[in-house]
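Structure, as structure tokens:
All heavy atoms count here, side chains included; hydrogens, waters and symmetry mates do not. Just so it is clear: chains get the letters A, B, ... in the order the sequence lines come, proteins before strands, and each one is counted from 1.
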Amino acid sequence: MRVATALRLALVALLAAFLAAPDWFEPVFAPLTENGAPAIYRQASLLQLTIAHLGTVAVASLAATVVAVGLGIFVSRPAGADFLPLSRAIVNVGQTFPPVAVLALAVPAVGFGTAPTLIALFLYGLLPIFENTLAGLRQVPAAVLDSARGMGLTGRQRLVEVELPLALPVILAGVRYSVVVSIGTATIGSTVAARGLGEVIIAGLTSGNTAFVLQGGLVVGVTAVLIHDGLLAAERRAMAARASKA
Amino acid sequence: MIELDHVTKRYGDAAVVDDVSLTVERGTIMVIVGTSGSGKSTLLRMINRLVAPTKGRILIDGRDTAGLPEHDLRRGIGYAIQGHGLFPHRTVAENIATVPRLLKWEKDRVDERIDALLAAFALEPGLFRDKYPHQLSGGEQQRVGVARALAADPAVLLMDEPFGALDPIIRDKAQEDLLAVQRRLGTTVVLVTHDMDEAFRLGHRVAVMADGRVRQVGTPADLLTRPADAFVSRLTGTNDRALKLLSVRPVGSVVSPGPADGPPLPETASLRDALSALLWSGARALPVADASGRPLGRVTLDAVLASGRVG
Ligand SMILES: Nc1ncnc2c1ncn2[C@@H]1O[C@H](COP(=O)(O)OP(=O)(O)OP(=O)(O)O)[C@@H](O)[C@H]1O
Ligand SMILES: [Mg+2]
């Protein structure tokens with residue numbers, strides 16, 4: 001536990017240092033370049049690219065969470081049960097339809113930039129949250145629901161006071177997974193001129209500069225790991241607070 | 001008082017509860033027994049409308065339950081089930097506070113009630129208030145479930161195999177606690193069970209169900225001495241019927257004047273307990289005392305044996 005915490009702190013410090021002053025790391029990446037090509041991406045600030053990248057992911061994930069959780073709740077009510085197969089099909093298509101193809105289809109409709117990326121990430125992120133919402137609501141013990149009904153909780157009270165709190169850990173796990181996948185997937189947004197870390201990787205690919213590809217990939221990967229851990233820690237803290245608030 | 005008036009529940013073509021009429025007097029315990037699938041739970045769940053009757057009316061204190069919004073009706077009826085259904089994310093105190101909170105009781109009143117109920121079910125409030133259900137033993141969970149059902153002073157308490165999963169010693173204790181609380185609060189109870197001993201111990205009256213119909217309703221002694229049909233007599237037990245009969249009659253009913261040696265039996269003990277004590281001590285008679293220890297007379301072996309005979 002202690003070692004893991006130290007490792008994480010070191011990773012955070014390293015990432016912060018790299019984003020604040022990438023030039024310090026020039027000697028690390030220099031061996032990967034040829035013919036005196038630059039070892040550090042300087043067309044734009046790495047820090048700003050990272051912020052833009054995470055901003056896109058945050059907006060898309062938030063929208064996906066609201067829609068997927070809402071849909072999951074709706075189809076698990078008696079009134080919405082008929083829509084379960086349809087919703088599942090739509091959400092599945094959202095996941096299996098390649099994000100690149102979504103981009104290609106979205107650009108003619110909404111133009112270049114962040115908008116098509118948001119659409120692609122939103123669609124791609126729905127499935128894990130939707131399925132986890134369903135699974136989370138289904139695992140609420142039947143006896144608990146029966147006694148909630150028997151004590152006179154209304155449908156809404158049962159949802160808010162019993163079902164959602166008990167499903168929350170599973171729902172949050174779905175959100176966490178979706179966010180992490182989104183951080184990686186968002187790199188393709190740069191193909192349609194969305195600002196983000198994909199820019200660095202694509203610049204590296206088009207100019208044959210391995211140093212660029214590596215630093216773009218590393219920043220994305222490390223950010224994803226750290227955010228995953230951060231969300232997990234926040235979840236655990238919330239559960240622990242709930243379990244000991246008495 | 002609960003009145004079921006020609007109540008039927010059909011699922012498709014099958015009548016799961018078939019034209020049942022039954023009255024439970026105010027302040028009494030009605031136990032429903034019967035084989036698995038005979039419709040006991042369905043009957044019980046129609047009283048708080050967790051299941052809607054296909055036909056017939058159910059009245060509580062003269063009022064048709066169909067006339068109230070479901071959740072209002074249920075907040076006035078305690079409901080405890082096997083597997084307790086406690087909210088795992090809420091403490092014992094929060095669980096018990098569920099219905100009082102829905103009814104918007106003041107916090108002080110709720111807190112007082114929680115402590116009183118915990119104490120009534122032999123759960124030290126200071127120790128149990130803030131525990132979570134998973135930190136309790138099965139017996140403690142079940143007792144909290146019953147306490148929760150009683151939290152808002154319901155006039156009616158419905159229980160579906162509430163002690164089914166408990167070991168005999170803990171079940172015994174839970175039954176005793178329930179009887180004491182029921183007597184004190186005067187709650188009208190309808191309890192479903194598989195266990196005939198439990199039925200005879202708790203029920204003022206017992207209804208025997210088979211295939212959705214009530215075959216017989218009566219006191220435990222009625223069912224033992226005058227079973228309506230072969231099914232009822234098979235269910236009430238053919239071998240140990242005499243012992244069962246002794247177990248539903250108190251020592252107080254056969255006390256006679258006269259001396260006897262040995263430790264006194266309480267007048268509320270069953271004749272079965274008295275028989276056991278007589279056999280164990282080898283005496284022909286034992287003294288009987290009331291709750292305060294005042295001697296009332298004696299109980300003789302002959303009197304006990306006579307009580308175990310029909311007619
Ligand atoms: N929602 C339902 N839909 C269809 N059939 C049902 C439904 N609920 C209960 N039944 C059927 O009604 C019959 C009676 O069920 P019920 O639960 O009342 O029995 P029970 O006497 O409580 O049995 P047990 O002692 O096993 O709990 C059973 O055959 C059951 O399969
Ligand atoms: Mg049942």
* To do: With side chain to side chain contact (heavy atoms under 4.5 Å, CB included) as the test, would you mind laying out the steps for Met151(A) and His71(B) before giving the verdict?
  => CA-CA 8 Å; Met151(A) 283 189 293; His71(B) 58 266; over 6 Å; no
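- Residue Arg49(B): no heavy atom, backbone or side chain, is found under 4.5 Å from chain A.
- At a 4.5 Å heavy-atom cutoff, Leu73(B) makes no contact with chain A through either its backbone or its side chain.
- For Leu86(B), the part lying under 4.5 angstrom from a heavy atom of chain A is the backbone only.
- By number of non-hydrogen pairs under 4.5 angstrom with chain A, the leading residue of Ile77(B), Leu158(B), Leu102(B) is Leu102(B).
- Salt bridge annotation for Glu70(B)-Arg149(A): absent, with no cationic side-chain nitrogen under 4.0 angstrom from a carboxylate oxygen.
- Taking both residues in full, the closest heavy atoms of Val144(A) and Pro88(B) are given as CG2-CD, 4.0 Å, listed atom of the first, atom of the second, then distance.
- We find the NE2-CG distance between His89(B) and Leu166(A) to be 5.0 Å, quoted to the nearest 0.5 Å.
- Annotation for Arg26(B): atom CZ does not count as buried by contact number, only 12 or fewer foreign heavy atoms lying within 6.0 Å.
- No part of Arg129(B) comes within reach of chain A, as not one of its non-hydrogen atoms sits under 4.5 angstrom from that chain.
- When heavy atoms are compared at a cutoff of 4.5 Å, Gln157(A) approaches chain B solely by way of its side chain, counted from C-beta outward.
- Contacts with chain B were tallied for Thr154(A), Val162(A), Asp146(A), Leu153(A); Asp146(A) has the most, counting heavy-atom pairs under 4.5 Å.
- Residues satisfying the side chain to side chain donor-acceptor pair (under 3.5 Å) test with Thr193(B), not counting sequence neighbours, are Glu198(B).
- The two residues Phe87(B) and Ser147(A) come nearest to each other via the heavy atoms CE2-OG, 4.4 Å.
- Around CD of Glu112(B), the count of heavy atoms belonging to other residues, nucleotides or ligands within 6.0 Å does not exceed 12.
- With a 6.0 Å radius and a threshold of 12 heavy atoms from other residues, nucleotides or ligands, Tyr177(A) has its OH atom at or below the threshold.
- With a 4.5 Å cut-off on non-hydrogen atoms, Ala148(A) touches chain B through its backbone and its side chain both.
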